[in-house]
Amino acid sequence: MIRQRVFAGAAVGLLTAALGLPGTAVSAPGRDSLHHCSLRPLPLPAGVNYGEAQAVDPTGRFIAGIGTRVTDGVWEQLLLIWQGNRVTAVDTPLAGEVTGINPAGVVIGNGSVSATYRPWRYQNGQLTELSVPGTVSNVWAQGINARGDIVGRGSVEATESQLPLRWPADRPGTVETVAPLTDGVANAVLDDGSVVGTSVTPGGPPSYAGWVRRPDGRISWLSVPGKPRAWATAGRGDWAAGGVDDSPEEGDGTPQRWNLRTGAATPVHPAVGWRIHGVTASGVVLGETAVGHGDRVTPLPGVTEGIRFVRASAIADNGMVVGWTAGDRLTPVRWTGC
């Protein structure tokens, strides 16, 4: 069974993050400079106390995330959508996490219903649940492309496995397995319809590897010779990014990217970190607290006496990074010029 920790990148809960995560400082800048990398907070609606920016569309026009409103001791989460300095709040019980937004402003995410995770889509002012297969227990939406195709995963309790799923934009209300892959997760869908994810391999080492499945059904495995395990958590344009592990046992691994056009695998500077949250159409890789430009790394600024740590969530093709800072509260932010 594929470990959720490595591939899903589970969202950090607002209350848990505000009270429980340890403070971590951003590593000192290496060869890159912070002079042009700047942080700006995103506005919160009146009455919203905390927020996280969790997704940005490839153009950088739309940002989406989750906000928390505290009323008489009751915590309520809301879907937040920013366009420039304008923010829209959407009340919904499904506002658990945002996992993607496309250039048309269509948002996807996941929420809990009766202790069961369900995926949703927000489009044209309406939030609707996505269809789920009857064979799965919990389902998550992970990525969306410009056309509106959505991919994700479902848990199959009977076999203790994961099922890569796709919701095609041209067939609303339907969900399908990303065949013929089994026991895997689909993490990103490219604008041409190709899907990027990770699965248990058919046989022999590595035990699992990343892959890209083309619209015609062709599958190319994303791995590195000599590495027992590899995974792909992000994809955009001709690039996929994730990590590899030197040990067959569970570990943190090191960051990696693949050129989907040539198949070439290139290590990402280790200072980016093994948790990869995005890759741009030009191959720039985003970690939790740093941006990797080939052999250059730009740490994301923001840690001060009042801010314990920063977290990045997503990156646009223009280099804009979105995420949040944590001090006495969680504040949604964006970085530019990094």
Side-chain angles (χ1 to χ4, degrees), residues 2 6-9 30-32 58 142-143 145-146 149 151 164 178 180-181 184-248 251-288 290-298 312 314-319 321 338:
I2 290 182
V6 174
F7 307 117
R31 306 182 191 181
D32 216 350
Q142 298 290 120
N145 65 8
D149 299 318
V151 295
V178 183
L181 297 155
V185 295
N187 289 318
V189 55
L190 310 182
D191 287 344
D192 68 355
S194 298
V195 181
V196 172
T198 303
S199 291
V200 173
T201 52
S207 56
Y208 50 77
W211 46 261
V212 56
R213 182 191 185 276
R214 299 301 185 181
D216 62 5
R218 289 181 297 116
I219 295 174
S220 298
W221 290 96
L222 307 175
S223 59
V224 174
K227 303 293 185 181
R229 295 181 302 150
W231 54 91
T233 55
R236 173 76 181 149
D238 288 330
W239 296 95
V244 296
D245 202 338
D246 291 319
S247 169
D252 291 346
T254 56
Q256 187 81 25
R257 69 175 180 173
W258 291 266
N259 185 311
L260 300 178
R261 180 173 50 82
T262 65
T266 308
V268 175
H269 195 292
V272 173
W274 70 274
R275 292 184 183 271
I276 300 302
H277 291 283
V279 62
T280 70
S282 61
V284 175
V285 178
L286 176 67
E288 284 194 326
V291 180
H293 306 262
D295 63 352
R296 295 186 298 114
V297 177
T298 302
I315 186 170
D317 285 342
N318 63 7
V321 174
C338 301

Task: CA sep, side-chain torsions, deciding dist, call: T254, V244, side-chain contact (heavy atoms from CB on, under 4.5 Å) - done: CA-CA 6 Å; T254 56; V244 296; 3.5 Å; yes

- [ ] Just do the salt bridge (charged side-chain N to carboxylate O under 4.0 Å, His left out) check on K227 and D246 with the steps written out, would you?
- [x] CA-CA 5 Å; K227 303 293 185 181; D246 291 319; 2.2 Å; yes

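Checked by atom type and distance alone, the side chain of N145 pairs as donor or acceptor with a backbone atom of D149 at under 3.5 Å. Between the side chain of H293 and the backbone N or O of V285 there is no donor-acceptor pair closer than 3.5 Å. Of the possible polar contacts, one joining the T233 side chain to the I276 backbone as a donor-acceptor pair under 3.5 Å is found. Remark: the backbone N or O of T201 is not paired with any side-chain donor or acceptor of S199 at under 3.5 angstrom.
Of all heavy-atom pairs between S223 and A265, the closest is O-CB, 4.2 Å. Nearest approach of H269 to D295, heavy atoms of both residues: CD2-O, 3.7 Å. In plain terms, the two heavy atoms of I315 and G278 that are nearest each other are CG2-C, 4.0 Å. Scanning all heavy atoms of the two residues, the minimum distance from R257 to G294 falls at NH2-CA, 4.4 Å. Of all non-hydrogen atoms in A240 and V196, the two that sit nearest each other are CB-CG1, 4.1 Å. Between A241 and V279, the shortest heavy-atom distance links the atoms CB-CB, 4.1 Å.
By the 30° and 60° cut-offs, the orientation of the rings of W231 relative to W274 is perpendicular.
The CG atom of L286 sits 11.0 Å away from the OG1 atom of T298 when rounded to the nearest 0.5 Å.
R236 pairs by the salt bridge (Lys or Arg N to Asp or Glu O under 4.0 Å) definition with D191, D317, not counting sequence neighbours.
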Could you list the donor-acceptor pairs under 3.5 angstrom formed between side-chain atoms of residues 214-221 and any protein atom two or more places apart in sequence or on another chain?
unit_1	atom_1	unit_2	atom_2	d
R214	NH1	S194	OG	3.1
R214	NH2	L260	O	3.1
D216	OD1	R218	N	3.0
D216	OD1	R218	NE	3.3
D216	OD2	R218	NE	2.8

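Considering V151, T198, L181 in turn, L181 is the only one that fulfils the side chain to side chain contact (heavy atoms under 4.5 Å, CB included) rule with P164.
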